[in-house]
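Right, one structure below, let's go through it.
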Amino acid sequence: MEKNKEKIIFSGVQPSGELHLGNYLGAISKWVEMQNEHKCIFCVVDYHAITVKQDPEILRKKIIEAAKIYLASGINPEKSVIFQQSAISAHTELAWILNCIARISDLNKMTQFKDKAGKKQESVSVGLYDYPILMAADILLYNTDAVPVGDDQSQHVELCRLLAKRFNSQFGDTFKIPELIIRKEGARIMGLDDPNKKMSKSAGSSANYIALTDKPEAAMKKIMKAVTDSGKEIIFNKEKKPAISNLLTIYSLLAEEPVKELENKYKGKGYGDFKKDLAEITAEFLIKFQKKFNSFTDEEVKEIMDEGAEKIKSVAEETLRRVKERVGVIQ
Ligand code: ATP
Ligand code: LTN
C-alpha cells in the first residue's frame with residue numbers, strides 16, 4: 001500500500017462467542033493504529049454471526065458487546081465509523097448480485113468452510129457456505145482500499161479481489177480492488193491449550209483463549225496452565241517451540257517489547273518465571289481494557305452505531321446503484 005496517503009479501510013468482527021486476545025492482537029489493535037492516518041470503517045458483522053445458530057437475546061447483547069470492544073480497544077468514533085452490518089441493507093443486496101458472479105468452484109476452495117463444517121458439510125447452513133460472498137459485498141460497497149484482518153481471513157479477501165476483478169471485466173470498471181493487510185507479528189495467535197491450532201472463539205474449551213471479558217485472575221490461571229514445549233529455554237522458534245513462540249508473541253505485543261529483547265531478558269530463567277510475568281502483564285491489560293469497556297452504556301453504543309450507519313449509508317447505496325445499473329436491472 002502506498003505510504004502516507006489517506007486510504008479507505010474496512011474490517012469487521014462477528015458478534016458471536018467471546019472475543020479474545022487473538023481478535024485483539026491479530027486484527028483490532030491494528031485497526032487502532034490505522035485510524036489516525038486513514039478513513040476507517042469498522043463493522044459489527046451480525047449477518048455473518050447468524051450463519052450458525054444464535055439465541056436472539058444473546059445475539060442482541062453480543063452486538064453491543066462487540067462495539068464496546070472496538071471502543072475499549074481505542075477505536076475513536078470521532079475518527080472512525082462503527083456500525084452494525086444489518087443496518088445497511090445494501091450489504092445483502094450486493095451479496096446476492098455477487099452470488100451470481102461467484103462460482104461453486106470458488107467457494108469450494110475456502111478452507112475455513114471445510115474446517116468449520118467438518119464432517120457436517122451437508123447439514124450446516126447455506127449461509128455458512130456463502131459467507132465469503134457477503135464479506136466481499138461488505139468490503140466492495142465502500143470503495144475500500146485495504147482490509148486489515150488476521151491470517152485466517154486472507155483467503156476470503158483474495159476471493160473478494162477475484163470477484164471484483166471478474167465483475168469489472170464483465171461489466172466495466174466498477175469496483176476498486178482492495179488490498180489485504182496482515183500484520184507481521186500476531187496475525188495468527190495460537191490456542192493456549194494447543195499451539196498448533198489458532199486461538200478461536202469457537203474452540204471446544206475456554207482454556208484455548210483469553211477472552212477480553214475474562215476476569216483477570218481467571219486469565220492469569222489460563223496463562224499459568226498454558227501448554228509449553230519440551231526443553232526449558234525461552235526462545236522463539238515456531239517449528240521447534242510453537243507454544244513458547246506463541247506466548248512470546250503475546251508478551252511482545254502486550255508489553256510492546258521486541259521478542260529478541262524478551263529472549264535476552266529470560267536467558268537462564270525457566271518457563272515458570274516467564275509465565276508468571278506474562279500472566280501479570282495480561283491481567284494488567286485486561287483491567288485497563290475492561291475499565292474502558294464498562295465505561296460505555298448500551299444506549300451510548302447504540303447511538304454510536306446508528307450515527308455510524310447514517311454517515312456511510314449513502315456510499316453503500318451509491319455503489320449498489322452503480323452495480324445495479326451495470327448489471328441492467330435499473331434503466
Ligand atoms: P472463529 O474462531 O469462531 O472462527 P474468530 O475467533 O476467528 O472466530 P472472527 O470474528 O472470525 O473470530 O475474527 C475476527 C478477526 O480476528 C479477523 O480479522 C480474524 O482474522 C482475527 N482473528 C481471529 N482469530 C485470530 C487469531 N487466533 N490470531 C490472530 N487473529 C485472529
Ligand atoms: N469473516 C470475517 C469477518 C468479516 C470481515 C468482513 C472482515 C465479515 N465481513 C469484511 C473484514 C472485512 C471474520 O473474521 N470471520
Side-chain angles (χ1 to χ4, degrees), residues 8-31 34 40-52 54 62-63 65-66 69-70 73 83-86 88 91-92 94-95 98 110-118 127-128 130-142 144-161 163-164 178-206 208-212 242 246 249-250 253 316:
I8 301 170
I9 307 297
F10 186 98
S11 198
V13 170
Q14 301 190 47
S16 56
E18 297 190 276
L19 293 196
H20 51 70
L21 218 47
N23 299 130
Y24 174 78
L25 297 175
I28 306 173
S29 63
K30 179 76 190 166
W31 306 354
M34 300 187 86
C40 295
I41 307 174
F42 301 119
C43 184
V44 176
V45 288
D46 51 352
Y47 275 159
H48 279 85
I50 62 165
T51 56
V52 296
Q54 302 290 344
K62 289 281 167 192
I63 291 167
E65 190 180 298
I69 282 177
Y70 293 3
S73 301
F83 80 107
Q84 186 178 339
Q85 184 185 33
S86 62
I88 300 185
H91 288 250
T92 41
L94 179 59
L98 294 177
M110 298 297 114
T111 56
Q112 193 180 65
F113 176 75
K114 290 179 203 159
D115 291 346
K116 288 207 169 175
L128 188 68
D130 197 34
Y131 128 152
I133 308 293
L134 179 58
M135 178 165 164
D138 299 339
I139 297 166
L140 297 176
L141 277 176
Y142 300 96
T144 301
D145 291 292
V147 187
V149 282
D151 178 57
D152 62 309
Q153 294 299 317
S154 50
Q155 197 184 24
H156 294 159
V157 177
E158 277 310 321
L159 176 66
C160 170
R161 288 163 56 83
L163 294 178
E179 277 178 46
L180 167 71
I181 294 190
I182 301 271
R183 60 182 329 165
K184 281 196 196 82
E185 280 133 25
R188 197 175 189 83
I189 300 291
M190 309 310 276
L192 298 179
D193 57 347
D194 180 355
N196 299 307
K197 287 205 185 118
K198 78 163 190 132
M199 185 176 281
S200 165
K201 55 171 105 121
S202 42
S205 152
S206 68
N208 169 273
Y209 56 80
I210 306 276
L212 294 166
N246 187 43
T249 303
I250 296 175
L253 291 170

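If you're wondering where the values come from, they're calculated on a predicted model, not measured in any experiment. Computation of the quantities below employed the complete heavy-atom set of this structure, encompassing side-chain atoms and omitting hydrogens, waters and symmetry-equivalent molecules. In listed order, ligands and their atoms are each counted from 1.
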- Message: Show, in sequence, the C-alpha distance, side-chain angles and deciding distance for Asp138 and His48, and conclude whether the side chain to side chain contact (heavy atoms under 4.5 Å, CB included) test is met.
- Response: CA-CA 11 Å; Asp138 299 339; His48 279 85; 3.0 Å; yes
Is the backbone N or O of [Y] less than 3.5 Å from a side-chain atom of [X], with the two atoms forming a donor-acceptor pair by type?
X      : Y      : result
Asn246 : Met190 : yes
Tyr131 : Ala49  : no
Gln85  : Asp46  : yes

- Task: I would like to know whether Arg188 and Asp152 meet salt bridge (Lys or Arg N to Asp or Glu O under 4.0 Å); could you show each step before the answer?
- Result: CA-CA 7 Å; Arg188 197 175 189 83; Asp152 62 309; 5.4 Å; no
- Query: Given side chains that start at C-beta, do those of Ser16 and Lys201 come closer than 4.5 Å, heavy atoms only?
  - Reply: yes
Please tabulate, one line per pair, the protein N or O atoms found under 3.5 Å from any N or O atom of ligand 2, giving the distance to one decimal.
{"unit_1": "ligand 2", "atom_1": "1 (N)", "unit_2": "Tyr131", "atom_2": "OH", "d": "2.8"}
{"unit_1": "ligand 2", "atom_1": "1 (N)", "unit_2": "Gln153", "atom_2": "OE1", "d": "3.1"}
{"unit_1": "ligand 2", "atom_1": "9 (N)", "unit_2": "Asp138", "atom_2": "OD2", "d": "2.7"}
{"unit_1": "ligand 2", "atom_1": "14 (O)", "unit_2": "Gln153", "atom_2": "NE2", "d": "3.4"}
{"unit_1": "ligand 2", "atom_1": "15 (N)", "unit_2": "Gln14", "atom_2": "NE2", "d": "3.2"}
{"unit_1": "ligand 2", "atom_1": "15 (N)", "unit_2": "Tyr131", "atom_2": "OH", "d": "2.7"}
{"unit_1": "ligand 2", "atom_1": "15 (N)", "unit_2": "Gln153", "atom_2": "NE2", "d": "3.2"}

- Message: For Phe113 together with His156, are the ring centres under 6.0 Å from each other?
- Response: no
- What does the list of residues with a heavy atom under 4.0 Å from ligand 1 look like, ordered by chain and number? Val13, Gln14, His20, Gly22, Asn23, Gly26, Ala27, Lys116, Val149, Gly150, Asp152, Gln153, Gly186, Ala187, Arg188, Ile189, Lys198, Met199, Ser200, Lys201, Ser202
- How are the rings of Phe10 and His91 set relative to one another: parallel (under 30°), tilted (30 to 60°) or perpendicular (over 60°)? tilted
- Note on the structure: Rounding to 0.5 Å, atoms SG (Cys43) and CG (Leu141) come to a distance of 10.0 Å
